[in-house]
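See structure below.
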Amino acid sequence: MDSMEHWEQFLAPYKQAVDELKVKFRGMRGQFELDSDHSPIEFVTGRVKPIASILDKANQKGISLDKLEEEMQDIAGLRIMCQFVEDIYLVVNLLRNRNDFEIIEERDYISHKKTSGYRSYHVVIQYPVQTIRGEKKILCEIQIRTLAMNFWATIEHSLNYKYKGDFPTDIQMRLQRAAEAAFRLDEEMSLIRGEIKEAQAFFTRKKEMQQQE
Ligand code: 0O2
């Protein structure tokens with residue numbers, strides 16, 4: 001894989017998978033809204049891993065470039081953000097019940113947080129993309145996390161970029177404390193989840209009534 005044209009060809013089905021899955025997952029949120037029900041999905045993002053990051057990761061993990069399709073699971077990446085930890089498991093169940101892709105692996109970094117402090121639930125799927133040359137099955141990694149987990153991961157990811165994983169001890173310690181604080185915030189929010197959901201449903205109904213007037 002040497003030229004830009006080759007990369008574009010290789011990445012095209014990944015881009016299609018990300019675009020399609022973004023529409024599908026955002027559609028799930030829309031369906032909950034139609035039912036005036038609390039949506040376990042707050043928002044959805046997606047990206048195709050940049051070429052430089054693919055090359056870095058392949059290099060770090062010893063993945064040969066002709067094995068990328070089978071061995072790099074997150075070239076296509078989707079992120080589903082939830083308000084509450086409980087919502088994460090609801091979303092995972094929704095994914096398990098779909099028949100437009102196959103789940104091939106689940107990694108629960110919530111019950112088993114990473115040493116960095118990272119928490120998220122990862123689901124790796126095999127997603128069939130229809131191309132002009134027939135069907136192509138693409139690996140996609142779906143990361144499901146709360147808003148608090150996402151806040152922490154976003155900050156840590158940018159610091160990682162600066163320190164290239166080699167954090168000074170005080171920063172590493174603060175990041176771990178921040179990860180625990182974020183998790184305590186999630187736990188506190190879970191305790192008043194019923195109240196919050198009721199208030200949100202009330203405001204959604206009020207907004208709908210105002211729009212009808
Ligand atoms: P990017 O920039 O997010 O695309 P490994 O990479 O060895 O940790 P593996 O086998 O690729 O592990 O799978 P894993 O850990 O399930 O998923 C890797 C992805 O999870 C990472 O992608 C991050 O998006 C996220 N992630 C995992 N650990 C951490 C962490 O400690 N901090 C943050 N902020 N994110 C994490 P990439 O490839 O790192 O890159």
Side-chain angles (χ1 to χ4, degrees), residues 1 7 10-19 21-22 25 41-82 85 88-89 91-92 95-96 101-127 138-186:
M1 209 143 36
W7 274 110
F10 174 75
L11 293 176
Y14 289 92
K15 185 178 178 314
Q16 193 173 322
V18 169
D19 288 346
L21 286 166
K22 274 198 291 194
F25 296 158
I41 297 178
E42 187 63 10
F43 68 94
V44 177
T45 62
R47 61 99 186 95
V48 174
K49 208 176 187 63
I51 299 168
S53 307
I54 296 177
L55 291 172
D56 272 357
K57 191 163 182 167
N59 193 24
Q60 271 170 27
K61 299 200 142 209
I63 301 174
S64 104
L65 292 188
D66 55 1
K67 287 275 180 332
L68 283 178
E69 267 177 44
E70 303 92 347
E71 292 183 16
M72 198 171 288
Q73 297 179 326
D74 67 340
I75 295 179
L78 274 297
R79 240 172 231 162
I80 300 180
M81 264 57 70
C82 307
V85 178
I88 297 179
Y89 296 101
V91 171
V92 173
L95 298 183
R96 287 184 189 139
F101 50 72
E102 197 192 332
I103 295 183
I104 59 161
E105 208 175 320
E106 293 185 21
R107 289 194 281 272
D108 184 353
Y109 296 129
I110 299 172
S111 317
H112 308 280
K113 65 166 180 177
K114 287 200 161 189
T115 43
S116 60
Y118 177 78
R119 283 186 172 91
S120 252
Y121 198 101
H122 291 194
V123 176
V124 180
I125 63 166
Q126 203 166 40
Y127 180 75
I138 293 292
L139 288 180
C140 301
E141 185 182 78
I142 308 166
Q143 302 179 343
I144 308 142
R145 41 169 86 153
T146 62
L147 299 170
M149 291 172 194
N150 189 49
F151 175 48
W152 183 90
T154 308
I155 302 286
E156 198 259 3
H157 194 271
S158 28
L159 279 173
N160 220 329
Y161 197 73
K162 175 171 174 188
Y163 292 108
K164 303 197 168 39
D166 197 11
F167 291 118
T169 322
D170 63 322
I171 301 222
Q172 195 167 19
M173 205 183 70
R174 278 182 198 282
L175 278 170
Q176 276 165 0
R177 276 170 35 190
E180 291 322 300
F183 199 62
R184 279 199 304 280
L185 174 62
D186 276 335

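Whatever order the structure lists ligands and atoms in, that order sets their numbers, starting from 1. A quick note: this is a predicted structure, and the numbers were derived from the prediction, not measured.
Listed by chain and residue number, nothing satisfies the side-chain contact (heavy atoms from CB on, under 4.5 Å) test with K162 (two or more places apart in sequence, or in another chain). Qualifying side-chain contact (heavy atoms from CB on, under 4.5 Å) partners for I51, counting only residues two or more places apart in sequence or in other chains: M4, W7, L11, L55. Residues that satisfy the side-chain contact (heavy atoms from CB on, under 4.5 Å) test with K57, not counting sequence neighbours, are K49, K61, M72, D74.
The residues lining ligand 1, counting any heavy atom closer than 4.0 Å, are R47, K49, K57, K61, D74, R79, R107, Y109, K114, S116, Y118, H122, E141, Q143, A153, E156, H157.
Note on D170 versus R174: no salt bridge recorded, every NZ/NE/NH1/NH2 to OD/OE distance being 4.0 Å or above. Between R79 and E141 there is no salt bridge, since no side-chain nitrogen of the basic residue lies less than 4.0 Å from a carboxylate oxygen of the acidic one.
For the side-chain contact (heavy atoms from CB on, under 4.5 Å) with I144, the qualifying choice from V92, L78, I110 is V92, the only one to do so.
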